[in-house]
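Atoms within each ligand, like the ligands themselves, are counted from 1 in listed order. Given the structure is predicted, the values throughout are model-derived calculations rather than measurements.
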Amino acid sequence: MSSQIIDGKGFAATLRAKIAHGVETLQSDYNVTPGLAVVLVGTDPASEVYVRNKARQTVEVGMTSFEHKLPDTTSQAELLALIETLNTDPSVHGILVQLPLPDHIDATLVINAIAPQKDVDGFHVANVGMSSTGQSAMVPCTPLGCLMLLRDQLGSLRGKTALVIGRSNIVGRPMARLLIQADCSVIVAHRHTTNTAELCRMADIVVVAVGQPGLVRADWIKPGATVIDVGINRIDAPERGPGKTRLVGDVAYDEVAEVAGAITPVPGGVGPMTIACLLANTLIACARSYDIPDPEGLTP
Ligand code: NAD
């Protein structure tokens, strides 16, 4: 059996086109343009690439992008003051503080200083609490992207058994919350789980977010299961030439693809969904701030 490849790149492109349409609706019918502010502290090269990509895609869907690049000497008080300014700026509907922050800044404090209704990353404790209790909230972008791919692939998720491997605040935990909300029976495995392979063989849906290449093997997978690989790992690729590297996920892709019903590739699976969902959250946040109905029905 060879599994269907879930085309996250194509899905994200379609989603961005819908978001662009939603932006046009807000502009033409309500004279409002969604604005996303991204704050980067320091010069971490990976973060700089993410922020550049976010800004480019924000503009491409017709939103306004506000970039705040601060030196790594920025104090916590200065960062909090900027967030307060953005919280009260009516042209800013979404605020994202790029993580990680330098060590001298308390990231939890900073995230919780963002107005919850502008917290398009969905990390504010108010959004975590509301989403945990089944209330409408801003939902973290990567798990939201995984949920969209799963719904597109499977339709209703009701009654499915789902295993989430990894329990981080940015992927694993919010993913488990979303799957509970989607009426799945959810198991969460983490570094202390002793029988992950056994749990995995029970699962109709497997979402892996660990950061360990090749962790999930073919004999872990129930035949026909849907496998979502969130992991992004750069490994040496001597076959491409001396010093070359390539990206892989947490799933032993070639062998798992022989057993699973459907699988996301890395790259081209979950990765492109994250920024698209950030833009979806910004559109939703903007519409909500004016009490306008979500123009594209993207609210999870
Ligand atoms: P993290 O390091 O914060 O969390 C990793 C989790 O894996 C922890 O909960 C830990 O308990 C668990 N874990 C570690 N070893 C394990 C094992 N052997 N078995 C089961 N669980 C184990 O990582 P994160 O921020 O959640 O990211 C996970 C991966 O997803 C990374 O590769 C990261 O690059 C990737 N990621 C991708 C996107 C995207 O846009 N596609 C977004 C965020 C993270």
Side-chain angles (χ1 to χ4, degrees), residues 5-13 15-16 38 44-54 56-57 96-101 107-108 111 120-123 128 139-150 162-179 186-203 206-217 219-221 227-235 245-253 256 263-281:
I5 298 169
I6 299 174
D7 177 13
K9 195 174 171 195
F11 191 99
L15 180 57
R16 285 196 302 274
V38 176
D44 174 59
S47 294
E48 284 186 331
V49 172
Y50 286 137
V51 166
R52 217 176 19 250
N53 286 340
K54 282 169 190 168
R56 179 176 49 78
Q57 294 187 32
L96 179 145
V97 177
Q98 182 66 43
L99 300 177
L101 286 168
T108 306
I111 287 162
V120 282
D121 248 346
F123 296 157
V128 175
V139 173
C141 305
T142 302
L144 178 58
C146 296
L147 182 74
M148 286 184 184
L149 294 177
L150 283 168
L163 172 69
V164 179
I165 311 181
R167 60 173 175 183
S168 72
N169 286 335
I170 64 164
V171 192
R173 282 174 207 243
M175 187 74 243
R177 292 198 302 267
L178 286 173
L179 290 167
V186 180
I187 311 165
V188 179
H190 46 77
R191 70 175 78 247
H192 301 294
T193 304
T194 54
N195 59 341
T196 310
E198 188 188 326
L199 297 171
C200 199
R201 283 189 279 272
M202 296 165 58
V206 182
V207 181
V208 195
V210 171
Q212 208 171 296
L215 174 73
V216 175
R217 307 301 304 258
D219 64 354
W220 292 27
I221 299 297
V227 178
I228 305 289
D229 189 353
V230 183
I232 302 177
N233 309 289
R234 188 165 287 285
I235 61 165
T245 60
R246 66 188 175 102
L247 290 181
V248 296
D250 291 342
V251 172
Y253 182 86
V256 169
I263 185 168
T264 56
V266 177
V270 174
M273 291 297 292
T274 298
I275 296 182
C277 286
L278 173 70
L279 302 175
N281 277 349

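- Polar contact check, D250 against ligand 1: no nitrogen or oxygen pair lies under 3.5 Å apart.
- Annotation for G8 and L149: closest pair CA-CD2, 4.1 Å, computed over non-hydrogen atoms.
- Taking 4.0 Å as the cut-off, G172 does not count as a neighbour of ligand 1 on heavy-atom distance.
- Other residues, nucleotides and ligands contribute only 12 or fewer heavy atoms inside 6.0 Å of the CZ atom of R217.
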Trace of the side chain to side chain contact (heavy atoms under 4.5 Å, CB included) decision for R16 with I275: CA-CA 9 Å; R16 285 196 302 274; I275 296 182; over 6 Å; no
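- Side-chain atoms of P140 and C277, non-hydrogen and from C-beta on, never get closer than 4.5 Å to each other.
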Decide yes or no on side chain to side chain contact (heavy atoms under 4.5 Å, CB included) for V128 and N169, but give the supporting numbers first. CA-CA 9 Å; V128 175; N169 286 335; over 6 Å; no
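- Every atom of ligand 1 is numbered from 1 in the order shown, and the set under 4.0 Å from a heavy atom of G271 is 41 (N).
- Atom 18 (N) of ligand 1 has as its closest protein heavy atom Q212 OE1, 3.6 Å.
- Within the 4.5 Å cutoff, no side-chain heavy atoms of V120 are placed close to those of C141.
- The heavy-atom pair separating V248 from P213 by the smallest distance is CG2-CB, 3.8 Å.
- Looking only at heavy atoms of the protein, atom 34 (O) of ligand 1 is closest to I232 O, 3.5 Å.
- In this structure, atom 9 (O) of ligand 1 lies nearest to the protein heavy atom R167 N, 2.8 Å.
- Inside a 4.0 Å radius of atom 27 (O) of ligand 1 there is not any protein heavy atom.
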Could you please spell out the steps behind the side chain to side chain contact (heavy atoms under 4.5 Å, CB included) verdict for W220 and L215? CA-CA 10 Å; W220 292 27; L215 174 73; 4.1 Å; yes
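- For ligand 1, the polar-atom distance check finds no N/O of T196 at less than 3.5 Å from any of the ligand's N/O atoms.
- Residue, atom and distance of the protein heavy atom nearest to atom 29 (C) of ligand 1 are G211 N, 3.7 Å.
- Using a 4.0 Å cut-off between heavy atoms, V210 contacts ligand 1 through both its backbone and its side chain.
- What sits closest to atom 25 (O) of ligand 1 on the protein, heavy atoms only, is I170 CD1, 3.4 Å.
- Among H192, H190, M273, R173, the residue whose heavy atom lies closest to atom 21 (N) of ligand 1 is H190.
- Look at V270 and you'll find a heavy atom under 4.0 Å from some atom of ligand 1.
- Here the protein heavy atom with the shortest distance to atom 22 (C) of ligand 1 is R191 N, 3.5 Å.
- Heavy-atom proximity to I165, at under 4.0 Å, picks out these atoms of ligand 1: 20 (C), 21 (N).
- Residue A189 places no N or O, backbone or side chain, under 3.5 Å from any N or O of ligand 1.
- D229 places no side-chain N or O within donor-acceptor distance of the main-chain N or O of I263, the cut-off being under 3.5 Å.
- Nearest protein heavy-atom neighbour of atom 43 (C) of ligand 1: V171 CG2, 3.7 Å.
- Every atom of ligand 1 with a heavy atom of G166 under 4.0 Å away is listed here by number and element: 6 (C), 7 (O), 9 (O), 12 (C).
- Closest heavy-atom contact between Q57 and L279: O-CD1, 3.7 Å.
- In terms of heavy atoms, T264 sits closest to Y253 at O-CE1, 3.9 Å.
- Proximity of T142 to ligand 1, defined as any heavy-atom pair under 4.0 Å, is confined to the side chain (atoms from C-beta onward).
- Considering each of V216, V230, T274, the one bringing a non-hydrogen atom nearest atom 30 (O) of ligand 1 is V230.
- Judged by distance alone, the side chain of R167 and the main-chain N or O of R173 form no donor-acceptor pair under 3.5 Å.
- The minimum heavy-atom distance linking A189 with T196 is given by the pair CB-CG2, 3.8 Å.
- Nearest protein neighbour of atom 4 (O) of ligand 1, counting heavy atoms only, is S168 CB, 3.7 Å.
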